[in-house]
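Right, one structure below, let's go through it.
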2 protein chains.
Amino acid sequence: MKISRTQSDHYDETIRGGALRDTPQRRHVYDLLLGKRDHPTATEVFLRAKKTMPSISLATVYNSLETLVGCGLVKQVHVDREPTRFCPNLDEHGHFVCEKCGHVYDIDLAAGRHRQWSLPAGFIVSTHEISLRGLCADCNEN
Amino acid sequence: MKISRTQSDHYDETIRGGALRDTPQRRHVYDLLLGKRDHPTATEVFLRAKKTMPSISLATVYNSLETLVGCGLVKQVHVDREPTRFCPNLDEHGHFVCEKCGHVYDIDLAAGRHRQWSLPAGFIVSTHEISLRGLCADCNEN
DNA sequence: CTAGGTGCAAAAGGTTTGCGGTTAA
DNA sequence: TTAACCGCAAACCTTTTGCACCTAG
């Protein structure tokens, strides 16, 4: 019987796969993202991290996030030109931002359907980002 | 027989529709966007504008762009957190950025197909943005 | 005439960088 | 031992703002 890998295992494997160190700060940042998946900005991650690791610096949070993004453990989420948000959901998905409450929701992108871009011949897509704005159900009815 | 409206007519109507003035700077910025539709940033628009209107300021370019976006004559294009680009193409479309040459291409979004987001009930989409990254045909083969 | 616009300079805000000291492996 | 990493502060860059002057309507 195969024991399913946790995301923490994934962290271990990925970090050690490169020439990367498993530092307390880096792991703490990653754990925070896994614990509360609400697409925080770097500053928000920093404020949360300080609660249990008061000495951590904003620069280190930025560095950690950059590393985690670089090795594929975390994705960046961009909404217009607002501060970058971070997301540990590695599945194919887009984002919906409520213009009233500000919450960011992951949205399922039905497999494949949204990859059928009508591009000219010879174009190769490496990444894509889909972001929606509007009103979420809660804000819509209140 | 109906004479088709030019985009310049569109400018006239739209600007005069609001409490907006038709200033030389504002029109110049708009004309530059219509003339070379390569998705320039505010700074690039500023540099181009100065060639024929040396006294124009960067702040005025920002203000003009904001006004044009506000009244719907121009759209903003966001690619990750790079400087905002501006686009006078009002048709439904997304963008493709070549990671090698940096060019931004408009891409057709087959009507309606990409609006069928599988959202939870009660969610209302007001705007959406689709951006792709990759290699364009030219860079791909060279 | 006057509300809206312009130009300049300063400030804001997110992110990056340089560097001396620290630490995981 | 040592290359990677941390924390701090300064720098960077895009965008916004405050304000005195100007101008389209």
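Only this structure's heavy atoms are used, side chains among them; waters, hydrogens and symmetry mates stay out. The sequence lines fix the lettering, A, B, ..., with proteins before strands; numbering per chain opens at 1.
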Tell me, please, which residues at least two apart from [X] pass salt bridge (Lys or Arg N to Asp or Glu O under 4.0 Å).
X: B/Arg133; result: B/Asp80, B/Glu82, B/Glu99
X: B/Asp12; result: B/Arg27
X: B/Lys100; result: none
X: A/Glu141; result: none

So, using ring pair (Phe, Tyr, Trp, His ring centres under 6.0 Å) as the criterion, who are the partners of B/Tyr30 when residues are at least two apart?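 Result, ring pair (Phe, Tyr, Trp, His ring centres under 6.0 Å) vs B/Tyr30: B/Tyr11.
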
Any side-chain N or O of A/Gln25 under 4.0 Å from OP1/OP2 of D/dG7?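 Yes, within the criterion.
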
Nonpolar side-chain network containing A/Val97, other nodes, edges under 4.5 Å: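 Grouped by the 4.5 Å side-chain rule, A/Val77, A/Val79, A/Val104 form the rest of the cluster around A/Val97.
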
Can you check nucleotides 22-25 of chain C for protein contacts, nitrogen or oxygen pairs under 3.5 Å, and list what you find?
{"residue": "C/dT23", "atom": "O2", "partner": "A/Arg21", "partner atom": "NH1", "Å": "2.8"}
{"residue": "C/dT23", "atom": "O2", "partner": "A/Arg21", "partner atom": "NH2", "Å": "3.4"}
{"residue": "C/dA25", "atom": "OP1", "partner": "A/Asp22", "partner atom": "N", "Å": "3.2"}

Using a cut-off of strictly less than 4.0 Å between a heavy atom of the residue and any atom of DNA chain D, enumerate the qualifying residues of residues 77-85 of chain B by number.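 The answer is B/Pro83, B/Thr84.
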
List in chain and number order the residues that pass side-chain contact (heavy atoms from CB on, under 4.5 Å) with B/Ala49, two or more places apart in sequence or in another chain; answer none if no residue qualifies.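 Residues passing side-chain contact (heavy atoms from CB on, under 4.5 Å) with B/Ala49: B/His28, B/Leu32, B/Ile56.
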
Partner set under side-chain contact (heavy atoms from CB on, under 4.5 Å) for A/Leu20, not counting sequence neighbours: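 A/Leu20 satisfies side-chain contact (heavy atoms from CB on, under 4.5 Å) with A/Ile15, A/Arg26, A/Thr67, A/Cys71 once adjacent residues are dropped.
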
Stretch residues 47-62 of chain B: residues that reach within less than 4.0 Å of DNA chain C through a heavy atom: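 B/Ser55, B/Ile56, B/Ser57, B/Ala59, B/Thr60 - these, ordered by number, are the residues of the stretch whose heavy atoms sit under 4.0 Å from the strand.
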
Atom pairs, N/O to N/O, protein against nucleotides 10-12 of chain C, distance under 3.5 Å?
none

